[in-house]
Amino acid sequence: MVEAVRRSMQEAWGNPSSTHALGEAARAQLSTARAAIARLLGARDAREVLCTSGGTEAIQTAILGVWRAQRARGRTTILSTRAEHAATRRALDTAVQEGARVVWLPVDAHARVDGASLRAALSHDTALVTLLYANNETGTLLAEEPAAVAALSREVRAAGAVLHLDAVQALGRIPFSVIELEADCVSVSAHKLHGPKGVGALWLRPTTKELWEPLLAGSQEAGRRGGTENLPGIVGFGVAAEEARRWLEADGPRALAAVRAAFEARILERLPWARIQATQVARLPNTSSLTLPGVDAELLLALLDAEGVCISAGSACNARQRAPSPVLEAMGLSDLDARCTVRVSFGRHQTVADAQAGADRIAAAACELKYELTET
Ligand code: PLP
């Protein structure tokens, strides 16, 4: 991947919008990468994929683009949950400032949205439904089976609304296809699959076009996203997408789930008082959300960091905020439990031995801190 990015910068430094030979070479790289991203997404046509500066931009482009187009048709309600990623929450804040009404659907103790509440809330006024396909803190999937997501998508569409899925955490970690999910817009990001940071994509169903408008005006990306494309980043995304596709085909998620299972088993062996969130529902194979009552997550992180073990409190995306995670709050965790919850995530290259060694370090640090907490 790194080599492909370097070559792109050295050999295809033309602007993909230019008509000369250098532009042509850059355009060819752009379309190869777009095809690879589309293949991983399971899209029918690479032209349905528009490249963005990351997951955040893809999400905001989907949410605000649909909201503004639907508002023009007199629809004012957006359905979502309080367990969404900050990128979605911020986009919804903007929509509210522009006159939208957001209905917050409840999530259960495993961060799953309640399907019955969602169906009951759908109406002729619903502009958009925006949900996580995989939660970034617990790994919880929107549904056990893609068919359940597809059924939901059809109901949302039948109500005249649009379904947007934030699949940033899911892409490259579990196999899925936008065709099978039947969603209308799907946001993804390269860095979750070992691609470069600052590059992502939004998949738009061709029929969603009339219910969406661009956020950044300009001729690039077929008039859907203005601004010269980040070609080296997109090339890196394309290569990472191909690598992820091969890993998924080689049963990678099962191997990763075994690494996580070894980690969780060792944690519970060493810390029988620990709680692991969302284990009873379908979740991503790489994520483990641990509640360690009496252990301050921030102190645990700092202690482990000094030993070279990198984990996060809540999710890495909001790690610099001290406020308790809205996801854990929405799941009904007390403020105290939320402050004692850490997220551990595993990469494709980690082994069972790595996971067990990490669990031993976490357990030792947690025992040290729990003791100190009860002492004071
Ligand atoms: N959505 C989810 C679920 C995420 O975990 C993240 C974090 O990376 C984002 C959106 C934002 O993506 P990006 O960092 O590419 O802007």
Side-chain angles (χ1 to χ4, degrees), residues 1 37 40-41 49-65 80-94 107 111-113 129-143 149 163-174 176 181 183 185-203 215-216 225 227 229-230 232-234 236-238 240-241 244 277-278 282-289 310-321 325-328 330-331 341-347:
M1 195 272 291
I37 300 164
L40 182 63
L41 280 164
V49 174
L50 80 100
C51 295
T52 66
S53 65
T56 300
E57 187 195 316
I59 289 167
Q60 305 234 346
T61 302
I63 292 178
L64 295 175
S80 191
T81 79
R82 294 201 189 272
E84 300 306 302
H85 187 268
T88 292
R89 296 199 307 270
R90 293 292 94 81
L92 293 176
D93 288 347
T94 304
V107 299
R112 263 182 325 188
V113 62
V129 179
T130 179
L131 297 171
L132 278 162
Y133 182 44
N135 188 288
N136 44 299
E137 294 192 27
T138 60
T140 305
L141 297 180
L142 179 57
V149 180
L163 178 67
H164 166 245
L165 296 179
D166 171 354
V168 166
Q169 288 283 338
L171 190 73
R173 294 191 176 138
I174 50 168
F176 73 87
L181 296 179
C185 346
V186 176
S187 294
V188 292
S189 178
H191 67 99
K192 301 297 175 194
L193 41 133
H194 305 288
K197 287 157 196 74
V199 57
L202 174 64
W203 173 80
L215 205 60
L216 302 175
R225 194 259 187 189
E229 292 89 348
N230 166 13
I234 297 168
F237 191 0
Q277 304 293 339
R283 59 181 173 145
L284 293 176
N286 73 313
T287 308
S288 188
S289 172
C310 302
I311 61 171
S312 51
S315 80
C317 323
N318 65 359
R320 290 187 191 282
Q321 294 173 3
S325 138
V327 175
L328 301 172
M331 289 162 63
T341 300
V342 293
R343 184 193 67 172
V344 181
S345 39
F346 299 93

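Both ligands and their constituent atoms are indexed starting at 1 by order of listing. Side-chain atoms are counted along with the backbone in the values below, which use heavy atoms only and exclude waters and symmetry mates.
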Is the closest side-chain heavy-atom distance between E84 and L131 below 4.5 Å?
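When only atoms from C-beta onward are counted, L131 and E84 do touch, with a gap below 4.5 Å.
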Are V188 and W203 close enough that some pair of their side-chain heavy atoms sits under 4.5 Å apart?
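No, their side chains stay 4.5 Å or more apart.
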Which of the numbered atoms in ligand 1 are below 4.0 angstrom from a heavy atom of [X]?
{"X": "I59", "result": "1 (N), 10 (C)"}
{"X": "G55", "result": "12 (O), 13 (P), 15 (O), 16 (O)"}
{"X": "S189", "result": "13 (P), 15 (O)"}
{"X": "L132", "result": "3 (C)"}

Residue pair A134 / G139: nearest heavy atoms and the distance that separates them
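The answer is CB-O, 4.4 Å.
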Do the side-chain N and O atoms of E137 and S325 include a donor-acceptor pair separated by under 3.5 angstrom?
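Judged by distance alone, the side chains do pair up.
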What part of H191, side chain, backbone, both or neither, has a heavy atom within less than 4.0 angstrom of ligand 1?
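Side chain only.
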Say whether N136, considering both its backbone and side-chain N or O atoms, lies within less than 3.5 Å of an N or O atom on ligand 1.
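N136 vs ligand 1: no N/O contact under 3.5 Å.
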What about G54: any of its N or O atoms under 3.5 Å from an N or O on ligand 1?
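G54 vs ligand 1: no N/O contact under 3.5 Å.
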Would you say K197 touches ligand 1, if touching means a heavy atom closer than 4.0 Å?
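No, that is not the case, since the closest heavy atom of the residue is not under 4.0 Å from the ligand.
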Exam field: side chain R343 to backbone N136, donor-acceptor pair closer than 3.5 Å:
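Looks like yes, one N/O pair under 3.5 Å.
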How long is the span from the CD atom in Q60 to the CG atom in L202, to the nearest 0.5 Å?
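Here the interatomic distance stands at 12.0 Å.
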